[in-house]
**Q** 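Pasting in a structure now, in structure tokens, and then I'll have a few things to ask.
Naming convention: chains lettered A, B, ... in sequence-line order (proteins, then strands); numbering from 1 in each chain. Computed from a predicted model, the values in this text were never measured in an experiment.
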There are 2 protein chains.
Amino acid sequence: MSEKVTIYDIAEKLNITAATVSRALNNNPKIKQATRELVIKTAAAMNYKQNKLALALKSGRSNNIGVIVPRIDSNFFASVIRGIEEELYPHGYQVIICQTHESIKRENENLHTLVDAQVDGIMMSVTGISDENDSAFRNVLEKNVPLIFFDRSKHIDGVSSVTINDFKGGYLATKHLIDEGCRNIAHFSGDQSLDIFKNRFLGYKQALLDSGLDFKEEYVIYTKSSVDAGKESVDKLLQLQTPPDAIFSSSDFAALGAIQELKERNISIPSEFCVAGFSNEPFTKFMELSITSVDQSPLEMGRMSARVFLEQVDKTDAIKIEKKVVLAPELHIRKSSTRTNF
Amino acid sequence: MSEKVTIYDIAEKLNITAATVSRALNNNPKIKQATRELVIKTAAAMNYKQNKLALALKSGRSNNIGVIVPRIDSNFFASVIRGIEEELYPHGYQVIICQTHESIKRENENLHTLVDAQVDGIMMSVTGISDENDSAFRNVLEKNVPLIFFDRSKHIDGVSSVTINDFKGGYLATKHLIDEGCRNIAHFSGDQSLDIFKNRFLGYKQALLDSGLDFKEEYVIYTKSSVDAGKESVDKLLQLQTPPDAIFSSSDFAALGAIQELKERNISIPSEFCVAGFSNEPFTKFMELSITSVDQSPLEMGRMSARVFLEQVDKTDAIKIEKKVVLAPELHIRKSSTRTNF
DNA sequence: TACTTTCGTGTAATCGATTACATGAAACAT
DNA sequence: ATGTTTCATGTAATCGATTACACGAAAGTA
């Protein structure tokens with residue numbers, strides 16, 4: 001039987017109306033117990049399945065939420081999504097995935113598509129900053145769709161966010177390098193218009209100053225998050241008059257590239273040069289020369305985003321809460337930066 | 001304005017009926033050119049957005065497709081999903097993600113939920129084999145929802161699949177180890193009720209036989225896909241009367257564990273012992289001692305699955321095609337198994 | 001007995017779009 | 001002038017479920 005069974009079919013069979021069937025199935029207290037049981041039994045016998053689309057149209061709620069990420073095939077984003085899915089699953093929400101591929105045009109398209117698809121909420125990591133095109137975001141908020149940023153966030157009224165304390169992450173990593181005896185610490189940063197990179201940078205700077213070390217502009221390299229970019233950046237650094245003796249990289253991939261390039265040049269790690277990364281990608285732990293990195297607890301970030309959404313979704317429009325959750329980063333100290341016994 | 005604009009609003013403003021508006025917006029040829037233009041202009045001015053839920057209810061098509069994977073935070077599955085999303089995006093489909101966490105109960109729940117949500121198709125990597133509970137799958141097929149297996153597949157009539165040639169993958173890896181001079185090659189396998197593990201094993205066995213080497217039952221270890229499991233398995237192997245001098249592992253993670261354990265015991269790789277894995281996880285390439293592995297081209301697998309779905313979705317029920325796509329595995333030879341110059 | 005509640009169910013509108021069929025006007029043919 | 005097409009639009013049903021309101025019967029009250 002591939003025929004779809006509706007409440008009308010059940011009603012017809014029992015010689016009652018669809019309204020009664022609907023009420024019986026929805027535990028409406030006005031229904032006689034006998035009728036309810038009969039309806040429920042019949043529905044089961046006929047293999048009735050509620051049509052969610054009809055329900056969604058009537059209620060205006062699709063029970064879908066949208067997640068927008070730059071790309072899904074990175075351990076960090078995949079883990080966040082895992083967290084979101086796990087937290088939302090018991091509540092009956094389905095998770096729709098969109099990728100921006102770091103394109104703002106695509107980001108806007110995704111936002112519109114999700115709103116058009118009547119998702120009940122959107123969680124996203126923004127792809128970059130462009131001041132004027134807030135229109136797509138505003139459109140979301142005007143439609144009263146809860147919007148939550150995770151990790152990469154923007155400052156928009158009415159939008160909650162779940163981030164980690166990137167400043168502290170940068171500070172911890174840098175402080176650790178200093179404690180290991182490094183005195184000329186360089187920094188790989190990313191697009192400074194994104195808060196995450198800005199704050200990691202500021203944490204780095206503050207750690208230097210707090211320890212009485214000079215901050216040198218030339219030690220800061222703005223680089224992409226890739227192995228090759230890391231190699232090139234090390235190359236630049238080593239050409240300086242006073243080359244650094246450590247790098248705090250905002251990207252694990254760039255950190256890996258740096259390490260590969262340093263090895264190539266027979267600079268020994270960690271005795272001559274220390275490296276710390278950011279994100280705690282799986283490979284940092286697996287390397288023979290394991291890489292020190294700042295963990296962002298992506299699973300928890302996803303779970304927390306979902307929880308913030310759940311809080312938000314039931315509130316009436318009047319009580320708009322704007323929640324800013326900041327998770328604590330955790331420094332995983334590994335061989336790439338450990339001169340003392342390990 | 002957060003008010004939703006419907007075709008009725010447009011109709012009212014223009015003193016025409018909603019039917020005309022609908023036709024104008026859908027390029028129905030029966031509509032006067034002047035009317036069409038007026039409607040389109042007015043719709044744009046009023047910021048009209050088609051209600052996809054209403055459309056979905058009317059048409060019975062949600063424009064969503066469901067993807068079920070054991071978990072999303074593995075590079076392989078994330079990459080497949082990426083491929084699916086990229087291929088389907090231009091066609092206007094949204095991708096809904098479900099995780100089974102290797103639980104059959106969860107798998108069945110997911111299947112039912114997706115069918116209830118009226119997805120237009122389901123792509124999945126099955127979580128395991130249990131002969132009787134085909135009911136969830138049958139339910140999908142009875143509802144005429146195209147179902148496509150990728151990577152881990154089951155034999156069910158009417159279901160298309162996209163897999164790689166696991167036999168060949170196992171054969172290539174094993175043959176390579178033999179060519180490097182290994183003579184006692186062990187194998188880490190997984191749940192043999194899953195075709196992928198069965199076939200990798202069979203490829204391994206065939207390669208041995210073709211090269212005139214003995215197949216030894218004791219060299220085959222059924223192990224989980226984890227670093228620790230790899231360590232333990234090596235431990236077992238080394239206690240054998242004739243310990244092996246190579247491992248072909250169906251899992252990169254187990255291969256990594258094996259390598260770590262071998263190093264611990266000062267067995268040098270690749271000169272004394274060679275290792276090859278499966279899946280080409282990112283870390284296999286990043287290691288200082290990079291790990292030989294069989295690539296499954298997950299991105300291509302995802303794209304191909306999406307294409308098979310697209311072919312299927314437009315066919316009438318009568319012309320049910322059952323397509324079996326088998327992709328070629330590619331052996332990436334790296335340091336962990338290269339005794340010759342590299 | 002007559003009047004008011006309460007209870008269980010039916011009626012019909014609604015969510016927003018699509019579409020088979022109906023209709024009236026204009027255009028064309030004879 | 002009358003009959004026939006053609007064209008553009010309106011009418012109303014439909015997708016499947018929910019729900020405000022209506023209503024008759026049963027139960028309770030005076």
Side-chain angles (χ1 to χ4, degrees), chain A residues 2-40 42-43 46-64 92 115-120 143-145, chain B residues 2-40 42-43 46-64 92 115-120 143-145:
Chain A
S2 97
E3 313 305 321
K4 311 234 168 165
V5 180
T6 72
I7 52 173
Y8 293 93
D9 300 325
I10 300 174
E12 194 176 7
K13 173 161 257 173
L14 296 178
N15 259 325
I16 55 180
T17 56
T20 303
V21 174
S22 172
R23 281 190 276 249
L25 294 174
N26 285 290
N27 279 319
N28 186 312
K30 293 185 158 190
I31 293 293
K32 213 201 304 180
Q33 189 59 21
T35 312
R36 182 192 320 288
E37 283 165 12
L38 182 62
V39 168
I40 290 175
T42 312
M46 296 175 76
N47 194 27
Y48 166 75
K49 289 285 165 56
Q50 189 189 47
N51 185 323
K52 307 277 182 180
L53 293 179
L55 179 60
L57 174 59
K58 188 71 174 74
S59 66
R61 323 182 74 246
S62 64
N63 278 302
N64 290 146
V115 171
D116 287 355
Q118 315 260 99
V119 293
D120 297 338
K143 297 269 164 48
N144 279 314
V145 177
Chain B
S2 96
E3 313 305 321
K4 311 235 170 165
V5 179
T6 72
I7 53 172
Y8 294 92
D9 299 326
I10 300 174
E12 193 176 7
K13 173 162 257 174
L14 297 178
N15 259 324
I16 54 180
T17 56
T20 304
V21 174
S22 172
R23 283 190 276 250
L25 294 173
N26 286 291
N27 279 320
N28 186 310
K30 291 185 159 190
I31 292 294
K32 213 201 305 178
Q33 188 59 21
T35 311
R36 181 192 320 287
E37 282 166 13
L38 183 61
V39 168
I40 290 176
T42 311
M46 295 175 76
N47 194 27
Y48 166 76
K49 290 285 167 55
Q50 189 189 46
N51 185 324
K52 307 276 183 180
L53 293 179
L55 180 59
L57 173 60
K58 189 71 174 70
S59 67
R61 323 181 75 243
S62 64
N63 278 300
N64 290 146
V115 171
D116 287 355
Q118 316 259 100
V119 292
D120 297 337
K143 296 272 165 44
N144 279 314
V145 177

**Q** Hey, does the side chain of Y8(B) come within less than 4.0 Å of dT18(C)'s phosphate (OP1/OP2), counting only N and O?
**A** no
**Q** Using a 4.0 Å heavy-atom cut-off, does N28(A) contact any base of the nucleic acid, only the sugar-phosphate backbone, or nothing at all?
**A** nothing
**Q** Check whether any side-chain nitrogen or oxygen of N26(A) sits under 4.0 Å from OP1 or OP2 of dT18(D), and answer yes or no.
**A** yes
**Q** For the side chain of K58(A), starting at C-beta, report the closest nucleotide among dG16(C), dT14(C), dT18(C).
**A** dT14(C)
**Q** Base, sugar-phosphate or nothing for K52(B)? Non-hydrogen atoms, less than 4.0 Å.
**A** nothing
**Q** When all nucleic acid strands are considered with a 4.0 Å heavy-atom cut-off, which category describes T17(A): base, sugar-phosphate, or nothing?
**A** base
**Q** What does L57(B) touch in the nucleic acid at a heavy-atom separation under 4.0 angstrom: a base, only the sugar-phosphate, or nothing?
**A** base
**Q** Is the phosphate of dT18(C), meaning OP1 or OP2, less than 4.0 Å from a side-chain N or O of Q50(B)?
**A** yes
**Q** Could you work out how much the helix from dT1(C)-dA30(D) to dT30(C)-dA1(D) bends, comparing the axis of its first five pairs with that of its last five, to 10°?
**A** 60°
**Q** Base, sugar-phosphate alone, or nothing: which one does I7(A) contact when heavy atoms must sit under 4.0 Å apart?
**A** base
**Q** Within the 4.0 Å heavy-atom criterion, would you say L53(A) contacts the bases, only the backbone, or no part of the nucleic acid?
**A** nothing
**Q** Which part of the nucleic acid does K30(B) contact within heavy-atom distance under 4.0 Å: base, sugar-phosphate only, or nothing?
**A** base
**Q** Looking at every strand, decide which applies to S59(B) at a 4.0 Å heavy-atom threshold: base, sugar-phosphate, or nothing.
**A** nothing
**Q** Is any side-chain nitrogen or oxygen of T20(B) closer than 4.0 Å to OP1 or OP2 of dG10(D)?
**A** yes
